[in-house]
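Let me begin by presenting the structure, written as structure tokens, before commenting on it.
Since the structure is predicted, the reported quantities are computational estimates derived from the model, not experimental observations. In what follows, every chain begins at residue 1, and chains take the letters A, B, ... in the order their sequences are listed.
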Protein chains: 2
Amino acid sequence: MNRSPEAARELRRAYLFADMADEHMNTLIQGAHDIHLNPGDALFRQGQPAERFFFLRDGLIKLFRLSPEGDEKVIELMRPGETFAEAVMFMGTQGRYPVNAEAVSEARLYAFEQKTFLGLLRESSDACFGLLGSMSRRLHMLVNQIESLTLQNATYRLVAYLLEQIPRDVKTSPEVQLTTPKGVIASRLAIQPETLSRILAKLRQGGLIDVHGNHITVRDVQALRNLVHLPPQD
Amino acid sequence: MNRSPEAARELRRAYLFADMADEHMNTLIQGAHDIHLNPGDALFRQGQPAERFFFLRDGLIKLFRLSPEGDEKVIELMRPGETFAEAVMFMGTQGRYPVNAEAVSEARLYAFEQKTFLGLLRESSDACFGLLGSMSRRLHMLVNQIESLTLQNATYRLVAYLLEQIPRDVKTSPEVQLTTPKGVIASRLAIQPETLSRILAKLRQGGLIDVHGNHITVRDVQALRNLVHLPPQD
DNA sequence: GGGGGCGGTTGACCAAGGTCAATGCCATCG
DNA sequence: CGATGGCATTGACCTTGGTCAACCGCCCCC
């Protein structure tokens, strides 16, 4: 299929591909598969042999672990423009996916063969560096997550999450549209849905935010930032 | 300094160097620095520009974060034969250490210049693959940590830690010598030292273990494994 | 040898957040 | 249109593990 030009432009959004040579991009794109998922569809399961990795074009994917009792912990929420499962290729002994991946909303993805990509990495140190960059970003993110799970309480984590959702350059009372069901956000933050509800109610009563369904108006950004001891804007 | 032969052998223990060409190893070793730390000495602080990464020859190093209130969370415990802080090189904008590093016991290390190593990665895809491998192992470990922090309780985490300390092939009642002060283990497991104490006491009362200072005799491995729903030996 | 300090232990109490159950709120579908 | 089912909210209660304080044992050092 000859979709290279637009597909390439689309893929460049991902750190992994940002600096990759056009020639290599084309090789990858030729071998890519289109995937379409409906809400609730599984993309892969923990423990399956990892033969492909993914670029999310549209929709929302959750990466999660299950406890033996069936409790779910969302490790990461993937949004359009991001790649995932690239790191698994290097886990010796024929890598297996370390988490489950499932569509939260309708989603479109590209899937790439690990083998193709590995071959490409062998020849291109730029491609290697792209991958190293995206892996070290992910490492950093996980360390931050561990810190906030252990050193911070539920309110802190939720407030930090809300603040992350606010676009950079907004000065006025910002509107946050939760693109993710509250239950999934709760799991990502390692709290129960009930607790999430209660914390939102508390913030609402404190006059810090307004809540209408999954639309949140932040009435006092500064107060929120203070709650997580962040310096005044920046 | 001409210490290449022994140093090379020593470094091969680390995944990062296992498959590296001798020639590249030598380049690295020539530029390496010896470091000696006493207990409590800082190796680097979170936020400092990361110009070097490390190989631990001897002793114990803790990597940790501090909350604004001064609480400490140990993210990782480094043991001899392991490398750390290699991943920081790729964090764009002149990387900074994302954690603090401090010696728990007397320690000896080699320090390598990131710049030298980066140059070497440019030329050698094997070196790149070594690094990719060690980063993906670390990613996997962090995901496991997040899972056990959120999906499992304190007893589970401590028992899992104890079981990890038992050498693979032991069939008889295994002896575990804690190489790490209990306070540090507690922080690594994200529990308070008091709680650690209490859980050990509970396991002792249950007849599962014997505790003498930092020497622990596991009286019933199978019962411990059941506690964390692991299958009978393997 | 006595004092001080540090790491660890134990007890009493407390609070954050989990659990369980009832209820509300839509959106979808027959 | 009313019924069904999933998600969210609220309340009552409970559990885990944190906090605070006292104390112990040990090592080190003057």
Side-chain angles (χ1 to χ4, degrees), chain A residues 38-41 60 62 67 69-74 102-106 148-159 161-162 177-205 209-216 227, chain B residues 38-40 60 62 67 69-74 102-106 148-159 161-162 176-205 209-216 227:
Chain A
N38 289 312
D41 285 355
L60 188 64
K62 63 177 176 184
S67 77
E69 292 77 29
D71 298 329
E72 178 175 315
K73 168 64 174 92
V74 172
E102 197 179 292
V104 175
S105 59
E106 200 179 352
S148 81
L149 286 174
T150 54
L151 257 23
Q152 246 68 55
N153 64 19
T155 302
Y156 180 105
R157 297 204 292 281
L158 176 53
V159 169
Y161 181 86
L162 285 180
Q177 189 69 34
L178 298 179
T179 57
T180 313
K182 286 180 185 170
V184 177
I185 297 178
S187 168
R188 166 59 244 280
L189 301 176
I191 58 186
Q192 298 309 114
E194 293 95 324
T195 306
L196 178 73
S197 230
R198 280 188 253 268
I199 295 173
L200 282 179
K202 209 178 53 194
L203 294 175
R204 182 157 34 76
Q205 284 156 28
I209 61 174
D210 277 348
V211 184
H212 303 98
N214 54 12
H215 183 93
I216 295 179
L227 265 188
Chain B
N38 289 311
L60 189 64
K62 63 176 176 185
S67 77
E69 292 78 30
D71 298 328
E72 180 176 313
K73 169 64 174 88
V74 172
E102 197 179 291
V104 175
S105 60
E106 201 179 353
S148 81
L149 285 174
T150 54
L151 256 23
Q152 247 67 56
N153 64 20
T155 302
Y156 179 105
R157 297 204 292 280
L158 175 52
V159 169
Y161 181 86
L162 286 180
V176 175
Q177 189 69 34
L178 298 179
T179 58
T180 313
K182 287 181 185 170
V184 177
I185 297 179
S187 168
R188 166 58 246 280
L189 302 176
I191 57 185
Q192 297 310 115
E194 293 94 326
T195 305
L196 179 76
S197 230
R198 280 189 255 269
I199 295 174
L200 283 180
K202 208 179 52 192
L203 294 176
R204 182 156 33 76
Q205 285 155 28
I209 60 173
D210 277 349
V211 185
H212 303 99
N214 54 11
H215 183 93
I216 294 179
L227 265 187

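- Regarding A/Leu151, its CG atom lies at a distance of 14 Å from the C1' atom of D/dG18, rounded to whole Å.
- Among D/dG17, D/dT10, C/dG8, the nucleotide with an atom closest to any side-chain atom of B/Pro181 is C/dG8.
- For A/Leu196 and D/dT10, the CG to P distance is 12 Å, given to the nearest whole Å.
- Nucleotide D/dG11 holds its C1' atom 16 Å from the CD atom of A/Gln192, rounded to whole Å.
- Nucleotide D/dG17 holds its C1' atom 10 Å from the NZ atom of B/Lys202, rounded to whole Å.
- The interatomic distance linking B/Leu149 (CG) with D/dG18 (P) rounds to 11 Å, in whole Å.
- Side chain of A/Arg157 to backbone of A/Gln152: a donor-acceptor contact under 3.5 angstrom is found.
- Atoms CG (B/Leu178) and P (C/dG8) sit 10 Å apart, rounded to a whole Å.
- For the residue pair B/Ala190 and B/Leu149, the shortest heavy atom distance occurs at CB-CD2, 3.5 Å.
- Note on B/Ser197: a side-chain N or O is less than 4.0 Å away from OP1 or OP2 of C/dT9.
- In this structure, A/Ala103 and A/Asn38 approach most closely via the heavy-atom pair CB-O, 3.6 Å.
- A/Lys182 places its NZ atom 19 Å from the P atom of D/dG6, with the value rounded to the nearest Å.
- Scanning all heavy atoms of the two residues, the minimum distance from B/Leu162 to B/Val176 falls at O-CG2, 4.4 Å.
- Listed pair A/Thr195 / C/dG17 fails the phosphate criterion, with no side-chain N or O lying under 4.0 Å from OP1 or OP2.
- Checking B/Arg198 against A/Arg198, the closest nucleotide of DNA chain C that is more toward the 5' end is the one next to B/Arg198.
- Side chain of A/Ser187 to main chain of A/Glu72: a donor-acceptor pair is present (N/O by atom type, distance under 3.5 Å, no hydrogens or angles).
- Backbone-only engagement by B/Ala190 is indicated by non-hydrogen atom pairs under 4.0 Å involving sugar-phosphate atoms exclusively.
- Rounded to a whole Å, the CD atom of B/Gln205 is 13 Å from the C1' atom of C/dG11.
- Of the candidate nucleotides C/dA16, D/dT19, C/dC20, D/dT19 has the atom lying nearest to any side-chain atom of B/Glu194.
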